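Since the structure comes first, as structure tokens, the remarks are kept for the end.
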There are 2 protein chains.
Amino acid sequence: MTGKRILIVDDDVKIVELIKLYLSRDGYKVYAAYDGNEAVRLAREVHPDLIVLDLMLPGMDGLQVCRTLRAKSDVPVIMLTAKTTEQDKLLGLETGADDYVTKPFSPRELAARVRAVLRRTTESVNVGPKEVVRGKLRMNFDAHEATLDGKLLRLTPMEFRLLGVLAREPGVVFSRARLIEKVFGYDFEGFDRTVDVHVLNLRRKIEPDPEHPRYIKTVYGAGYKFDGGGE
Amino acid sequence: MTGKRILIVDDDVKIVELIKLYLSRDGYKVYAAYDGNEAVRLAREVHPDLIVLDLMLPGMDGLQVCRTLRAKSDVPVIMLTAKTTEQDKLLGLETGADDYVTKPFSPRELAARVRAVLRRTTESVNVGPKEVVRGKLRMNFDAHEATLDGKLLRLTPMEFRLLGVLAREPGVVFSRARLIEKVFGYDFEGFDRTVDVHVLNLRRKIEPDPEHPRYIKTVYGAGYKFDGGGE
DNA sequence: CCCAATTGTTTAAAACCTGTTAAGAATGCC
DNA sequence: GGCATTCTTAACAGGTTTTAAACAATTGGG
């Protein structure tokens with residue numbers, strides 16, 4: 001697959017190495033941090049697709065790290081816990097961990113859970129409401145359907161995602177960089193201008209008069225925004 | 001808490017009684033079997049919501065019991081194993097156990113895991129009605145039977161589960177990743193595309209015109225959905 | 001009004017996605 | 001053990017989508 005980035009956070013070097021071995025073998029790019037502060041710093045730097053996080057850490061502990069990270073991003077987290085008590089499990093889940101594994105664990109099981117969580121969350125651009133209605137435009141994210149004036153629109157996956165990002169926050173201007181981040185993903189290596197082409201195609205499908213857009217407006221020098229105002 | 005049924009399978013009466021005590025206290029209805037054959041028989045009779053299964057059993061051993069049960073139903077299984085070796089753990093997982101607990105165990109821990117597994121599985125696979133009717137298609141999850149236009153469909157276990165997941169939530173698009181998790185289990189190590197083959201085979205069995213599916217629709221770039229709309 | 005920066009538009013090639021087939025592996029059944 | 005069924009992988013064809021590149025049109029500031 002596409003070499004997803006995984007950050008391991010544990011103060012036990014041996015454990016880190018063990019996990020590293022197994023995850024590298026599965027084709028992931030693996031980064032390691034040995035305390036909470038480093039974890040937060042590294043996470044901001046490499047934008048991992050998933051974090052394996054020990055509960056017990058020197059300095060900032062796992063729960064705190066998890067909360068800090070979650071405040072700024074949606075990165076999925078798998079918690080490593082030493083104790084099996086129910087309390088720990090619940091704490092882990094409450095802070096938003098996507099899964100938890102209790103030590104001692106089998107590295108293969110951890111690898112399986114990593115795969116599972118990644119599978120689950122890779123597509124989770126779908127945060128927010130299931131449906132959005134903006135005037136005659138209606139988007140249903142569960143069904144992956146968009147209708148205009150009741151008529152079904154035939155949108156490509158990119159178009160659907162792009163329109164989704166814009167329509168979810170009407171009036172907000174998104175720079176091309178931000179749109180790329182939200183729609184294409186962090187590791188997109190292409191040009192800004194690709195966004196323009198998608199906007200163009202989108203306009204042709206949803207605008208009554210594509211030359212004078214009513215929904216997707218251009219903000220010169222800034223980006224694009226969805227204009228729900230006119231109704 | 002609606003008095004879920006739990007089946008305990010262990011040849012050690014003392015252990016059975018111990019577990020029974022704790023689980024009854026949590027409001028579950030507890031049934032017990034002392035060997036593999038009885039377990040299979042009883043499972044068919046009472047349709048338990050979860051099974052606690054000892055790996056070592058007289059007659060049919062735990063693994064075999066687990067496989068036999070899984071072939072016919074989605075009931076979640078917690079394995080009891082005497083050894084902590086990784087091998088046992090993996091064996092348990094490969095046969096589809098949802099969790100495992102090593103002896104000696106604390107009954108409170110087991111009770112916690114029972115709750116956890118029930119929470120997990122209730123939300124995913126076993127939720128919803130015992131029967132679902134979508135146009136000419138009818139699925140009975142108790143009997144593990146599906147009929148189309150009154151005629152019994154010969155579906156494989158995978159096909160049945162796949163169709164079940166889709167048909168339970170018509171209109172909702174499931175990515176391959178989600179389907180894998182719901183149908184194959186989180187520890188599936190294979191490819192997305194396996195889903196496609198199952199969908200193909202399923203279509204050949206349930207679609208009047210498999211080339212232009214009416215029930216299982218493809219959503220390009222997103223996944224598959226069950227379309228109940230046409231009726 | 002002119003210029004440079006920014007955006008709109010077109011096209012073709014590259015990348016991607018799904019349907020399908022077939023063969024090998026795993027599983028269950030006598 | 002051998003047979004039948006089921007599951008998984010691999011490969012290819014065909015279609016769709018995405019991207020890069022180039023050029024045209026527009027914008028806003030000086």
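Proteins get letters first, then strands, A, B, ... in listed order; numbering begins at 1 in each. Given the structure is predicted, the values throughout are model-derived calculations rather than measurements.
Under the side-chain contact (heavy atoms from CB on, under 4.5 Å) criterion, A:E159 pairs with A:L155, A:T156, A:N201, A:L202, A:K205, not counting sequence neighbours. By the ring pair (Phe, Tyr, Trp, His ring centres under 6.0 Å) test, B:F184 pairs with B:F188, B:H198, sequence neighbours left out. Here B:Y215 pairs with B:F226 under the ring pair (Phe, Tyr, Trp, His ring centres under 6.0 Å) rule; sequence neighbours left out. Take A:K29 and apply the salt bridge (Lys or Arg N to Asp or Glu O under 4.0 Å) test, not counting sequence neighbours, and it matches no residue. Looking at residues two or more places apart in sequence or on another chain, you find no salt bridge (Lys or Arg N to Asp or Glu O under 4.0 Å) involving B:K20. Qualifying side chain to side chain donor-acceptor pair (under 3.5 Å) partners for B:D149, counting only residues two or more places apart in sequence or in other chains: none. In this structure A:R176 satisfies the salt bridge (Lys or Arg N to Asp or Glu O under 4.0 Å) test together with A:D196, sequence neighbours excluded. Applying the salt bridge (Lys or Arg N to Asp or Glu O under 4.0 Å) criterion to A:E211, with sequence neighbours excluded, gives no partner residue.
Within residues 199-207 of chain B, the residues that have a heavy atom under 4.0 Å from DNA chain C are, in order of number, B:L200, B:R203, B:R204.
A salt bridge links A:E181 with A:R178; the closest basic N to acidic carboxylate O contact falls under 4.0 Å.
Close to C:dG19, at under 4.0 Å from its OP1 or OP2, lies a side-chain N or O of B:Y224. Here B:T218 reaches the OP1 or OP2 of C:dG19: one of its side-chain N or O atoms lies under 4.0 Å away.
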Are any protein N/O atoms closer than 3.5 Å to N/O atoms in nucleotides 14-17 of chain C? If there are, list each pair with its distance.
unit_1: C:dC17; atom_1: O4'; unit_2: B:Y220; atom_2: OH; d: 3.3
unit_1: C:dC17; atom_1: O3'; unit_2: B:G221; atom_2: N; d: 3.4

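Close approach of DNA chain D to chain B, defined as any atom under 4.0 Å from a non-hydrogen atom of the protein, starts and stops at D:dT6 to D:dT17.
Side chain of A:R5 to backbone of A:V46: a donor-acceptor contact under 3.5 angstrom is found.
One axis for each end of the helix from C:dC1-D:dG30 to C:dC30-D:dG1, each built from five base pairs, and the angle between them comes to 40° at 10° resolution.
In this structure, A:R168 satisfies the cation-pi test against A:F141, with its NZ or CZ atom closer than 6.0 Å to the six-membered ring centre and inside 45 degrees of the ring normal.
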